[in-house]
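Basis for what follows: all heavy atoms, side chains included, without hydrogens, waters or symmetry-related copies.
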Amino acid sequence: MSGGSDVSSPSSGRISTSSLSDLKDLDLSSESGCLSIVVLGASGDLAKKKTFPALFNLFQQGFIQSGEVHIFGYARSDMSDDGLRERIRGYLKGASDEHLSQFLQLIKYVSGSYDSGEGFELLNKTISENETSENNQPGNSRRLFYLALPPSVYPSVCKMIRSYCMTPSSHTGWTRVIVEKPFGKDLDSAEELSAQLGELFDEEQLYRIDHYLGKELVQNLLVLRFANRFFLPLWNRDNIDNVQIVFREDFGTDGRGGYFDQYGIIRDIIQNHLLQVFCLVAMEKPVSLSPEHIRDEKVKVLQSVSCINHDEVVLGQYDGYKDDPTVPNESNTPTFASVVLRVHNERWDGVPFVLKAGKALSSKKAEIRVQFKDAPGDIFR
């Protein structure tokens with residue numbers, strides 16, 4: 001059960017990217033009109049490694065059409081449309097040069113600050129010009145804003161979107177805002193951030209996502225667990241000795257040291273990515289595959305987790321981490337962490353769930369290891 005693709009999904013596990021191509025054969029009501037996808041933080045690490053490759057994957061499968069969809073990058077960096085295209089070109093794999101060029105031509109770039117109206121006025125003007133082009137249905141506007149940004153700038157960016165870039169009231173359509181993890185730094189900051197965004201947008205307009213849920217490994221977990229008669233009777237404390245959920249990277253912070261040092265490996269990986277996987281491994285069968293029902297079962301298993309024993313926590317920092325000029329010399333931020341979770345319920349009582357994550361390790365791996373108990377009278381010792 002190891003591996004998994006690096007394809008991102010803009011939803012929280014609602015649609016598997018491996019099955020997206022099947023949707024074109026279904027009788028689904030489709031929306032019409034211009035769709036503008038705005039990637040804020042377009043010059044950053046997340047955008048070039050995850051967001052734009054995910055959009056390119058949708059383009060390859062036919063879900064992004066040249067005449068209907070326009071993609072805009074927005075960031076503080078001063079560069080041209082071609083500058084952004086060249087910046088992300090090397091991360092778009094598996095296509096001919098012609099197909100790649102067709103996708104890149106959909107992308108335009110706008111430079112501006114995250115806390116002043118001038119840049120967002122220019123962004124709105126650029127979006128509006130594409131919405132009123134001759135190829136698009138007049139009076140229809142769908143705007144999707146993806147915040148590939150640190151949470152500290154979410155409030156100011158969302159205020160600018162609300163003030164300058166909403167879908168015009170004279171048009172049909174919608175405005176939606178996608179925010180990436182980490183959603184705050186702790187419970188207080190997360191609640192404060194949620195309240196600030198709630199003042200600007202309706203809940204139906206906000207999408208809080210974790211791109212790790214788009215991995216094929218994660219997408220397949222529900223099928224493996226709940227559509228498999230072989231595993232159903234075995235998935236419990238009577239048969240499973242321990243579960244290990246592992247995330248290893250063979251590279252360091254790669255220029256993200258200043259950002260990473262504010263959060264560390266626990267907030268960056270374990271508290272979101274691995275905890276989501278843990279929930280899918282340990283939760284009970286949901287009533288249906290609706291997001292609300294899956295969320296309810298995740299909450300139940302999290303509420304059953306006992307307080308963490310400090311003796312079952314290991315922290316570390318790789319040699320050379322503080323060589324990054326953006327990292328303070330006295331930093332003790334962990335780049336490796338291992339923690340044991342114990343679920344106090346009928347299914348899992350006594351079974352340790354070991355969550356491990358680290359950077360600059362000997363290999364790259366994403367793995368869920370379910371260790372079953374030895375068979376009685378084992379003859380293969």
*Given side-chain contact (heavy atoms from CB on, under 4.5 Å), test C158 with V177 step by step and report yes or no.*
CA-CA 8 Å; C158 288; V177 177; 4.3 Å; yes

*Pair R176-E204, salt bridge (Lys or Arg N to Asp or Glu O under 4.0 Å): steps then yes or no*: CA-CA 8 Å; R176 291 173 183 167; E204 293 76 16; over 6 Å; no

For [X] and [Y], indicate whether the former's side chain and the latter's backbone hold a donor-acceptor pair under 3.5 Å.
X: K48; Y: P53; value: no
X: T132; Y: E129; value: yes
X: S189; Y: G184; value: no
X: W348; Y: A282; value: yes
X: T333; Y: D261; value: yes
X: N239; Y: W235; value: no
X: N272; Y: R267; value: yes
X: S77; Y: M79; value: no
X: Q271; Y: D268; value: no
X: T126; Y: L122; value: yes

Could you see if [X] belongs to whatever hydrophobic cluster contains [Y]? Use Ile, Leu, Val, Met, Phe, Trp, Tyr and a side-chain cutoff under 4.5 Å.
X: I269; Y: F353; result: yes
X: L58; Y: L144; result: yes
X: V299; Y: F226; result: no

Ionic contact status for [Y] with [X], cut-off 4.0 Å:
X: E284; Y: R225; answer: no
X: K359; Y: E249; answer: yes
X: E297; Y: K300; answer: yes
X: E312; Y: R342; answer: yes

*Could you give me the CA-CA distance, side-chain angles and deciding distance for E203 and R208, then say whether salt bridge (Lys or Arg N to Asp or Glu O under 4.0 Å) is met?*
CA-CA 10 Å; E203 184 61 29; R208 304 170 186 84; 2.8 Å; yes

Looking only at side-chain N and O atoms, does [Y] offer a donor or acceptor that is under 3.5 Å from a partner on [X]?
X: N345; Y: R237; result: no
X: H211; Y: E180; result: yes
X: S111; Y: D78; result: no
X: Q276; Y: K298; result: yes
X: H293; Y: S288; result: yes
X: S363; Y: R248; result: yes
X: Q317; Y: T335; result: no
X: Y109; Y: D82; result: no

*ILVMFWY cluster membership beyond Y259 - transitive side-chain contacts under 4.5 angstrom*: Y263

Under 4.5 Å between any side-chain heavy atoms of [X] and [Y], yes or no?
X: Q196; Y: K159; result: no
X: L100; Y: K93; result: no
X: L197; Y: F183; result: yes

Nearest-0.5 Å distance that lies between atom [atom1] in [X] and atom [atom2] in [Y]:
X: M283; Y: L221; atom1: CE; atom2: CG; result: 9.0 Å
X: I368; Y: N220; atom1: CD1; atom2: CG; result: 10.0 Å
X: D374; Y: D241; atom1: CG; atom2: CG; result: 7.5 Å
X: S116; Y: M160; atom1: OG; atom2: CE; result: 7.5 Å
X: T51; Y: I71; atom1: OG1; atom2: CD1; result: 11.0 Å
X: L275; Y: C279; atom1: CG; atom2: SG; result: 5.0 Å

[X], [atom1] atom: more than 12 neighbouring heavy atoms under 6.0 Å:
X: K125; atom1: NZ; answer: no
X: K181; atom1: NZ; answer: yes
X: N309; atom1: CG; answer: yes
X: H99; atom1: NE2; answer: yes

*What do the steps show when you test I161 against F201 for side-chain contact (heavy atoms from CB on, under 4.5 Å), and what is the final call?*
CA-CA 10 Å; I161 294 173; F201 302 104; 4.1 Å; yes

*Under 30°, 30 to 60°, or over 60°: which ring-plane class applies to Y321 and Y318, parallel, tilted or perpendicular?*
perpendicular

*For the residue pair F120 and Y74, is the inter-centroid distance of their aromatic rings smaller than 6.0 Å?*
yes

If you look at every heavy atom in [X] and [Y], which pair is closest and at what distance?
X: L213; Y: Q219; result: O-NE2, 2.7 Å
X: A47; Y: G41; result: CB-O, 3.5 Å
X: V218; Y: Y212; result: CG2-O, 3.6 Å
X: L217; Y: A366; result: CD2-O, 3.9 Å
X: I265; Y: A337; result: CG2-CB, 3.6 Å
X: F230; Y: P233; result: O-CD, 3.7 Å

*Step by step, work out the side-chain contact (heavy atoms from CB on, under 4.5 Å) result for L106 and L55.*
CA-CA 11 Å; L106 299 179; L55 293 172; over 6 Å; no

*Could you give me the CA-CA distance, side-chain angles and deciding distance for D45 and K50, then say whether salt bridge (Lys or Arg N to Asp or Glu O under 4.0 Å) is met?*
CA-CA 8 Å; D45 194 67; K50 297 292 184 182; over 6 Å; no

*Give the C-alpha distance, both sets of side-chain angles, the deciding distance and a yes or no for side-chain contact (heavy atoms from CB on, under 4.5 Å) between S338 and V354.*
CA-CA 7 Å; S338 174; V354 185; 3.8 Å; yes

*Measure from NZ or CZ of K322 to the centre of the six-membered ring of F260 and say whether it is under 6.0 Å with the direction within 45° of the ring axis.*
no

